[in-house]
Amino acid sequence: MNSFRPEDLDLPRIPPDRAREYRHRRWWLPERVDRLVLRHVADHPEKEAVSGPSGRLTRRELAHAVAGAAAKLSALGISRGDRVLVQLPNDLELVILPLALMRLGAHPVMAVPSLRRRELLSVVAATRPTAVAVPRRWQRFDHAALARELQQNCPSIRHILVADRTPDVGLAGPGTTDLVEMCRPDPEARHMPDLGPPLDDEPAVFLVSSGTTGPPKAIARAHEGYGYMIRTAAQWAALSPDTVYLAVMSGAHGFVLNCPGIFGALAFGGRVVLGSPGDPAATLDLIDHERVTHTTLVPALVTQWLNEVRQRGHGPGSLRVLQVGGARLEPAPATEAQMLLGCTVQQCYGMSEGLLTYTALDDSGDVIAHTQGRPASPGDEIRIVDEDGKEVAQGEAGELLTRGPYTVAGYYAAPEANARAFTDNGFYRTGDLVRIHPSGGLVVEGRIGDVINRGGEKISAGEIESLLSEHPLLQAVAAVAMPHAVWGQTVCVFAVPFDPETQPTLLELRRFLTERGVATFKLPEELRIVGALPMVGVGKINRVALRAAAAERQAQA
Ligand code: AMP
């Protein structure tokens with residue numbers, strides 16, 4: 001079991017001189033992330049640590065649940081260096097299982113529940129997990145059936161762990177393991193050997209990229225850098241043992257899991273409440289009931305909250321910090337949120353690959369409204385460059401490149417993507433268009449590429465286009481962002497049929513994409529049938545014209 005060596009993984013490494021510097025500055029500490037997250041268990045073991053739809057756990061029960069799950073995973077043959085795909089909704093297993101895997105030195109591969117066959121196939125092809133963990137059904141989708149399909153396509157998958165709380169147990173099918181049972185607190189759990197400090201480059205978790213340039217890619221986050229990021233992010237958000245952190249959006253996303261999120265709140269002695277985005281009224285009631293102090297939202301949800309708070313005439317009393325990121329928060333709702341919600345708004349920008357920026361809690365209202373904050377660590381290096389890779393003049397917009405103590409040096413097992421996405425000297429090309437505000441903060445203007453950001457979920461226009469180009473009725477197709485009151489942007493498809501008399505409907509195109517296993521958030525919400533696509537230069541689709549057309553018709557609607 002201890003034959004695991006990070007060098008055997010196809011893992012781009014941070015070069016030794018930079019690693020030495022990060023250790024010298026005590027940014028990187030010889031500490032495993034599961035230890036960091038559970039470091040408060042011994043003080044006040046009866047204090048509540050986490051609650052979710054299925055119940056509540058004290059710190060001691062959480063520790064017993066993690067130990068019990070680690071022992072049971074080990075009995076299944078899962079060991080150090082194995083990867084396990086974790087696609088779970090916000091409930092207790094989402095916290096217990098990743099920590100139990102880390103306890104064994106195995107690596108959770110965190111996937112949000114909205115991903116479907118197409119995205120997950122590329123993740124399992126890259127990570128070759130030993131097991132997958134899913135709910136049996138969630139939001140009317142049969143995750144257990146998809147897990148079996150993944151298993152048929154990926155022979156490394158030996159176990160399917162199914163979280164199923166319905167009384168008709170056993171329906172997940174033969175060869176599955178009961179994840180709820182596995183994660184029950186077990187004070188008698190067999191003691192797992194202490195793995196000691198992490199090895200150089202040893203991954204704690206794998207996050208999944210948002211797939212802005214095609215299918216999602218796996219991102220191995222090493223213990224040292226990942227732990228540093230959680231500690232740093234927790235300081236920016238002023239987490240303490242009084243913190244009650246509410247996970248509204250999927251806790252499998254890095255923004256909610258580790259920025260500082262669920263792991264940060266636990267690591268700083270706070271309590272975690274696992275909720276769901278559903279109905280803003282119910283979420284605001286939950287905040288009052290649980291005395292929530294911190295939470296994280298995408299801008300689309302902020303808009304919904306503001307509507308609800310306006311109707312109620314008061315904000316959530318206990319909330320101190322509302323972190324907003326994942327997509328651009330416009331100055332107007334940022335200002336309104338500061339006024340109406342009665343808490344500090346913290347703008348956050350970042351990416352699963354690493355870099356995080358935050359506005360400070362004591363920044364002026366103006367800076368909070370107009371910037372996405374400053375890099376979280378003094379070790380973050382940023383460059384803003386033009387199309388030729390030259391630094392732009394101060395205050396001008398360009399592509400953001402970054403490297404630093406918690407930004408990865410490349411995707412896992414993806415040499416071609418790495419050649420495109422990382423420079424020779426290890427900077428990650430974010431694809432984001434940014435400029436520096438006079439206050440020193442970053443302003444994110446948009447994307448360089450053709451990415452549609454639907455409430456924080458990133459959709460590659462190219463991916464939708466290449467799938468729809470296989471539709472038998474279509475000779476040409478373009479997908480662009482269309483403004484949307486709630487989601488910020490949605491997908492609008494412009495399609496040229498072979499025969500104007502035989503046109504597909506929006507519903508047919510959505511069904512066509514669903515049959516190809518595409519995540520539901522990527523489905524187009526508008527279809528425009530056109531005679532031809534506008535072009536610029538040599539055969540390049542004029543996306544500016546299409547985006548304008550999409551926005552115009554939307555405004556008239
Ligand atoms: P993900 O890896 O899913 O977290 O997506 C990272 C990408 O989300 C970034 O590269 C940006 O394109 C976008 N993003 C994240 N936060 C913000 C923000 N505050 N404003 C604008 N875009 C953002």
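Positions are given from 1 along the sequence. For ligands, and for the atoms within them, numbers begin at 1 and follow the listed sequence.
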Under a 4.0 Å heavy-atom limit, does [X] contact ligand 1 with its side chain, its backbone, both, or neither?
| X | result |
| --- | --- |
| H253 | side chain |
| M351 | both |
| C348 | backbone |

Are any of the side-chain heavy atoms of H143 and R137 separated by less than 4.5 Å? no
Nearest heavy atom to atom 23 (C) of ligand 1 wins, so pick from Y428, Y358, Y349, F255. Y349
Proximity winner for atom 2 (O) of ligand 1, if only heavy atoms of S352, P299, S209 are counted: S352
Is the backbone of [Y] close enough, under 3.5 Å, to the side chain of [X] for a donor and an acceptor to pair up by distance?
| X | Y | value |
| --- | --- | --- |
| T303 | V486 | no |
| D386 | V392 | no |
| S209 | K217 | yes |
| T130 | D82 | no |

Which of the atoms of ligand 1 are close to [X], meaning less than 4.0 Å from one of its heavy atoms?
| X | result |
| --- | --- |
| Q372 | 19 (N) |
| V444 | 21 (C), 22 (N) |
| R447 | 10 (O), 12 (O) |

With rounding to the nearest 0.5 Å, note down the distance linking CG in L442 to OG1 in T359. 11.5 Å
Charged N-O contact under 4.0 Å between E202 and R32: yes
Ligand 1 contact by A327, heavy-atom criterion under 4.0 angstrom: yes
Angle class for the W27/Y22 ring planes (parallel below 30°, perpendicular above 60°, tilted otherwise)?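 Judged by the thresholds at 30° and 60°, the geometry between W27 and Y22 is tilted.
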Any N/O of [X] closer than 3.5 Å to an N/O of ligand 1?
| X | result |
| --- | --- |
| G325 | no |
| T430 | no |
| K458 | yes |
| N453 | no |

Run the ring-centre check on H107 versus F206 and record whether the distance is less than 6.0 Å.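 Here the rings of F206 and H107 have centres that are less than 6.0 Å from each other.
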